[in-house]
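Computation of the quantities below employed the complete heavy-atom set of this structure, encompassing side-chain atoms and omitting hydrogens, waters and symmetry-equivalent molecules.
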Amino acid sequence: MDIRGMASLCKTAGILLSAISSDMKNRALKNIIKALEDKMDSIIEANQTDLEQAQKDKLEAPLMKRLKFDHPKIKEACEGIKSLIKLEDPVGRTLSAIELDKGLELYKVSRPIGVIGVIFESRPDALVQIAALCLKSGNSVLLKGGSEAMVTNQTLAGIISRAGIEAGLPKGWIGLLESRSDVDQMLKLDESIDLIIPRGSNEFVRYIMDNTVIPVLGHADGICHLYIDRFADSKMAIDLSIDSKCQYVAVCNAIETILIHESQARDILPLLKGKLEDQGVKILGCEKTCAIIDVETATQKDWQTEYLDFMVSIKIVPSIKEAVDHINQYGSGHTDVIVTKDKKRALYFMDHVDTADAFWNCSSRFADGFRFGLGAEVGISTNKIHARGPVGLEGLMIYQWRMMGKGQMVKDYTGLTAKSFTHKTLKKEFK
């Protein structure tokens, strides 16, 4: 089937999927878990094929780590689906209810977006998360993963599709694109696809935006910061720096730059250097940092780089304002952290950093849909409309206005004898 045919089938399936009951969706998710567990050996075998080819192609170590899909990762993916099953169905919620006049009621009701196209990196676990989220939210989905994971993605998409159909989902509810030319064709299918979510570099997201009229929910680089304030607890600052950088480096919510107030630098930097180097982290610093600890000098490019590796840049700043200015200039609007004992300064930071996730005294690694209680995430949006931050179920919803009347006509509400609207808020659900 060509891409246009796949998208058309996905559109038809999406209409049916949007009206499927919560019980059927949850049964399908349970069936997907069972299928993934039953087919675990074949999934790992497919992934091994991708890993061997990636080694031949000399894929970088952080990307190899993302590509690997072993027993623990499959188990974690299944746990993510289980948590999704426990969540309330986001479809059909009454968001507001207004009486326009006696017997004339207007409801704002949550509905699926429709067909969602997701382009993501070579992370097989992302395919499982995205498929499950789209199913739970009543959306059909077209997926395009990184070419390095092609065999794994083909295996997973086949298993998930069959498991869903066996549980009663419509044929074509999920589709897998396999080539770059498929993506270029997908960008032209605005009659079938309602939203595109590209995950990747700023340049890649910009390319998608520039080459389609389909709405795009951008998930760009994760250039995340941790700022150690003048009133930070030094042990907490060091511990959070290590967790935010080292707990898992090959992800978009790991920090890439540490900013430190000049009053704290001489006390904290030598200790922080030791802890980071114990974890194998290479440090690059500004000139003031290099005057305190023996590290390589950071360049302008380092402040703009998402390393996704055991590397971090450090800059000393004279004030919280300078820290915020640096983040707003070089950050990607993903996740930024302040470590301080002063609540007013924390609130200043949160109010002034242009970021999706602003954290106070906690690790940047909490910026995750599963940890937020969203079940999982399609990605982390740095957009400022519709959805921002981890995009879970709510980010995959839109709404529909539903009006219920008893024969009312507009002509009765116009002219000299027009009836008045009551516009009274109702505390009731649409049923």
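Between Asp23 and Arg27 there is no salt bridge, since no side-chain nitrogen of the basic residue lies less than 4.0 Å from a carboxylate oxygen of the acidic one. Ion pairing of Lys11 with Asp194 is present here, as a side-chain N (NZ or NE/NH1/NH2) and a carboxylate O approach within less than 4.0 Å. Using a 4.0 Å cut-off between charged side-chain N and carboxylate O, Lys245 and Glu256 make a salt bridge. Classification of Lys82 and Glu79 as a salt-bridged pair holds, one side-chain N sitting under 4.0 Å from a carboxylate O. One finds a salt bridge joining Asp125 and Arg123 here, because a Lys/Arg side-chain nitrogen approaches an Asp/Glu carboxylate oxygen to under 4.0 Å.
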Under the side chain to side chain contact (heavy atoms under 4.5 Å, CB included) criterion, do Ile119 and Met186 qualify, and how do the steps go?
CA-CA 10 Å; Ile119 309 165; Met186 181 176 74; 3.7 Å; yes
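Side-chain contact between Tyr307 and Ser313 is present, with at least one heavy-atom pair separated by less than 4.5 Å. Residues His326 and Tyr227 fail the side-chain proximity criterion, which asks for heavy atoms closer than 4.5 Å. Residues Glu322 and Lys315 fail the side-chain proximity criterion, which asks for heavy atoms closer than 4.5 Å. Between Ile316 and Ile292 there is a side-chain heavy-atom pair separated by less than 4.5 Å. In this structure the side chain of Ile327 reaches within 4.5 angstrom of the side chain of Phe349, judged on heavy atoms. The shortest distance between side-chain heavy atoms of Val281 and Val249 does not fall below 4.5 Å. Ile130 is not listed as a side-chain neighbour of Ile197, based on a closest heavy-atom distance of 4.5 Å or more. Side chains of Ser140 and Leu9 form no contact here, defined as non-hydrogen atoms less than 4.5 Å apart.
Under a 3.5 Å cut-off, the side chain of Asn328 and the backbone N or O of Asp354 do form a donor-acceptor pair. The backbone N or O of Ser179 lies less than 3.5 Å from a partner atom in the side chain of Asp182, making a donor-acceptor pair. Between the side chain of Ser381 and the backbone N or O of Leu217, no donor-acceptor pair lies under 3.5 Å. Side-chain atoms of Arg199 come within 3.5 Å of backbone atoms of Val378 as a donor-acceptor pair (strictly under, hydrogens ignored). A distance-only check finds no donor-acceptor pair linking the side chain of Asn31 to the backbone of Gly164 [under 3.5 Å]. Under the 3.5 Å distance criterion, the side-chain polar atoms of Ser161 are left unmatched by any main-chain donor or acceptor of Gly158. Using modelled atom types, no side-chain atom of Asp309 and backbone atom of Ala250 make a donor-acceptor pair closer than 3.5 Å. Judged by distance alone, the side chain of Thr212 and the main-chain N or O of Leu187 form a donor-acceptor pair under 3.5 Å. In terms of modelled atom types and a separation under 3.5 Å, the side chain of Gln264 and the main chain of Arg230 share a donor-acceptor contact. Distance alone, capped at 3.5 Å, is enough to place a donor-acceptor pair between the His386 side chain and the Gly395 backbone.
Under 3.5 Å, the side chains of Asn139 and Ser137 contain a donor-acceptor pair of N or O atoms. Side chains of Thr299 and Asp302: a donor-acceptor N/O pair is present below 3.5 angstrom, by distance only. Remark: the Lys136 side chain and the Asn26 side chain contain an N/O donor-acceptor pair separated by less than 3.5 Å. Checked by atom type, the side-chain pair Gln53/Asp57 shows a donor-acceptor distance below 3.5 Å. There is a side-chain donor-acceptor pair under 3.5 Å between Ser263 and His261.
Results of the side-chain contact (heavy atoms from CB on, under 4.5 Å) test with Ile314 over Val295, Leu284, Leu272, Thr257 single out Leu272 as the only residue that passes. Partner of Leu176 under the side-chain contact (heavy atoms from CB on, under 4.5 Å) criterion, out of Leu142, Ile160, Leu143, Leu156: Leu143 alone.
With rounding to the nearest 0.5 angstrom, the CD1 atom of Ile283 is 5.0 Å from the CD atom of Glu277. Within the model, atoms CD1 of Ile20 and CG of Leu169 stand 5.0 Å from one another, a figure rounded to the nearest 0.5 Å. Annotation: the span from Phe69 atom CZ to Ser122 atom OG amounts to 13.5 Å, rounded to 0.5 Å. Taken from CZ in Arg4 to OG in Ser192, the straight-line distance is 7.0 Å, to the nearest 0.5 Å. Here CG of Asp184 is found 7.5 Å from CD1 of Ile208. Values are rounded to the nearest 0.5 Å.
The aromatic rings of Phe372 and Phe359 sit tilted relative to each other, their planes meeting at an angle between 30° and 60°. Ring-plane geometry between Trp401 and Tyr399 is classed as perpendicular, the angle between the planes exceeding 60 degrees on a 0 to 90 degree scale with a lower cut at 30. By the 30° and 60° cut-offs, the orientation of the rings of Trp303 relative to Tyr330 is tilted.
With sequence neighbours left out, Glu45 forms a salt bridge (Lys or Arg N to Asp or Glu O under 4.0 Å) with no residue at all.
Within 6.0 Å of the NZ atom in Lys144, the count of heavy atoms belonging to other residues, nucleotides or ligands exceeds 12.
Closest of all the heavy-atom pairs between Cys286 and Ala298 is N-CB, 4.4 Å. Taking both residues in full, the closest heavy atoms of Asn153 and Gly145 are given as ND2-CA, 3.7 Å, listed atom of the first, atom of the second, then distance.
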